[in-house]
Amino acid sequence: MTQFPYSSAAMTRNSTTPMTSNSVTFASVDDALDSFNRMLQMNPRPSGVKFGQLVSSLVRMKAFQAAFYASKRMELAGVPHDRYTLGLMLRCFCKLGRVDFGYSVLSKAQKLGIQFDDVMLSTLIDGLCKVGKVIEAARLVHKIRILGYQPDVFTYTIIIDGLCKAGQTSAGLELLKNMKEFGCQPDVFAYNSLIYGLCISSRINEAMELFNKMVDKKIMPDTFTYNILVDAFCKEGNVLGAKVILKMMIQRGLLPDNVTYNSLMNGYCLRNELDKARKLFDFIDNRGCKPDVVGYNILMDRLWKAGREKEAREIFSRLSRDNCLQPNILTYNIAINGLCHHGFVDEAYDLFRKMEANSCLPDSSSYNVIIHGFLHHKDPLEAINLIHEMVSKGFSADLTTMSLLIELLPKNQLDHPIVQKLLNGPNIKSHEIVSSDLSAAATQGTC
DNA sequence: AACACCCTAC
């Protein structure tokens, strides 16, 4: 095992990936940032390549905000960007939903005389799709083709995925034909995107046809393919269909994973078979393939909804006791919602306030859930304060929350100054606030 | 160095 030389914390290379000179893995985001801070203080400073490796490790941990900051600090410290670090920065912006800054990375590359490549363009196209700008993304593909870039199987798959998620599955199927005509062979990724698109548009029969077609073409379905189909059958309440797919999956030599089990558990719950769902949960637990956070979330939510309070609470505390698992934001939102619906609003509020300390910042859903709790069961005036707090943090109260507030608030409170402000003042869109720091960096002309 | 699946609020 090779040690990254700037780290005091224990650090491992990912044993499942080949050991390459530019891949380095940290145990946690904090470890990576500690290492980064040490590197910045060193004299002489480590090479740009080492900084690039570090930023890359943050990106692989999906710590995009941290990766962006690191990359920015590296730049301010005078370490020059190269094609690699600019590509990472672009990826961070796109993953954070800031394609606008993504474009500025490209112009920055141009200014620095760094030629951007197909990978960077594909990253940008994916960023556009992910913020719902599929048409702009498709136009960009057209434009780059004119400029002489050849879209490859990645680029096409990104657009197909974007079209499917925008509800344009038929256009996605059309693009599958077109890419073949352009000499680009679709792979398992492209088929998975389309099968997923057909499933979420309730076209499960066509999804199965496409599945058979890909097998005919000797493109081997993988775990993702089977998971998509298992989930689709489960959501239809057709657990028998789901089991057929599961059997096919196992016959192919693929093992069901947490995603498969979670979908099945969800399927049983939707059929009101909560006790198979529980059995399945315990079955996974006894198999060495532990339930993951999502599994806990699904089961806890369905138990709350079935009014099985004691069991729902037990699932939550079991998750909190598990050393390997961390409740995520959805865990809290589900628990808060369940508590509120059963009248435990004070307890829900305590949990809401504990989120931050447990390194889970409340999001707009957390606020909406607790505010609904207050509106329904307790004190509409307290709800006003919370709405004010959420808006001041840059989240928007959703329409349901606002209309519920107006409905439930005593008439003599409607002219409450905070209420008037909420009703008249423009709410700040969350995405404009979440990355206000990114905006600051952008307006300084540095990115 | 770019792409895919499972969980919340009405």
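In this text the structure is predicted, and so the values were computed from the model without any measurement. In the text below, chain A, chain B and the rest are named by the order of the sequence lines, each starting its count at 1.
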Selected nucleotide, minimal atom distance to F189(A) side chain, candidates dT8(B), dC3(B), dC5(B)
dC3(B)
Run F281(A) and Y296(A) through ring pair (Phe, Tyr, Trp, His ring centres under 6.0 Å) and show every step you take.
CA-CA 8 Å; F281(A) 185 83; Y296(A) 276 92; 5.1 Å; yes
The single option from L173(A), I158(A), I135(A), L175(A) passing side chain to side chain contact (heavy atoms under 4.5 Å, CB included) against L163(A)
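Checked L173(A), I158(A), I135(A), L175(A) against L163(A); only one passes side chain to side chain contact (heavy atoms under 4.5 Å, CB included): L175(A).
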Pull out every residue in residues 191-203 of chain A that has a heavy atom closer than 4.0 Å to any atom of DNA chain B, ordered by number, or say none.
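DNA chain B contact set from residues 191-203 of chain A: N192(A), Y196(A).
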Among residues 134-164 of chain A, which contact DNA chain B at a heavy-atom distance under 4.0 Å?
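Here the set is D152(A), F154(A), T157(A), I158(A), D161(A).
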Once you round it to whole Å, what is the distance between C1' of dA2(B) and NZ of K95(A)?
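From K95(A) NZ to dA2(B) C1': 9 Å.
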List for me each residue that meets side chain to side chain contact (heavy atoms under 4.5 Å, CB included) alongside R271(A), sequence neighbours excluded, and say none if there are none.
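Applying side chain to side chain contact (heavy atoms under 4.5 Å, CB included) to R271(A) gives V239(A), E273(A).
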Under 6.0 Å from the six-membered ring centre of F68(A) and within 45° of its axis: does the NZ or CZ of R98(A) meet both?
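No, R98(A) does not lie over the aromatic ring of F68(A).
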Taking 4.0 Å as the cut-off, does a side-chain nitrogen or oxygen of H376(A) come that near to OP1 or OP2 on dA9(B)?
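For dA9(B), neither OP1 nor OP2 has a side-chain N or O of H376(A) closer than 4.0 Å.
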Give a yes/no answer on whether the side chain of K130(A) brings an N or O atom under 4.0 Å of OP1 or OP2 in dA2(B).
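So the side-chain polar atoms of K130(A) never come under 4.0 Å of the phosphate oxygens OP1 or OP2 of dA2(B).
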Applying ring pair (Phe, Tyr, Trp, His ring centres under 6.0 Å) between F211(A) and each of F224(A), Y226(A), Y196(A), report the one that passes.
Y226(A)
S35(A) side-chain N/O to A32(A) backbone N/O, donor-acceptor pair under 3.5 Å:
no
Ring geometry between Y367(A) and F352(A) (parallel below 30°, tilted from 30 to 60°, perpendicular above 60°)
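Ring orientation, 0 to 90° scale: perpendicular.
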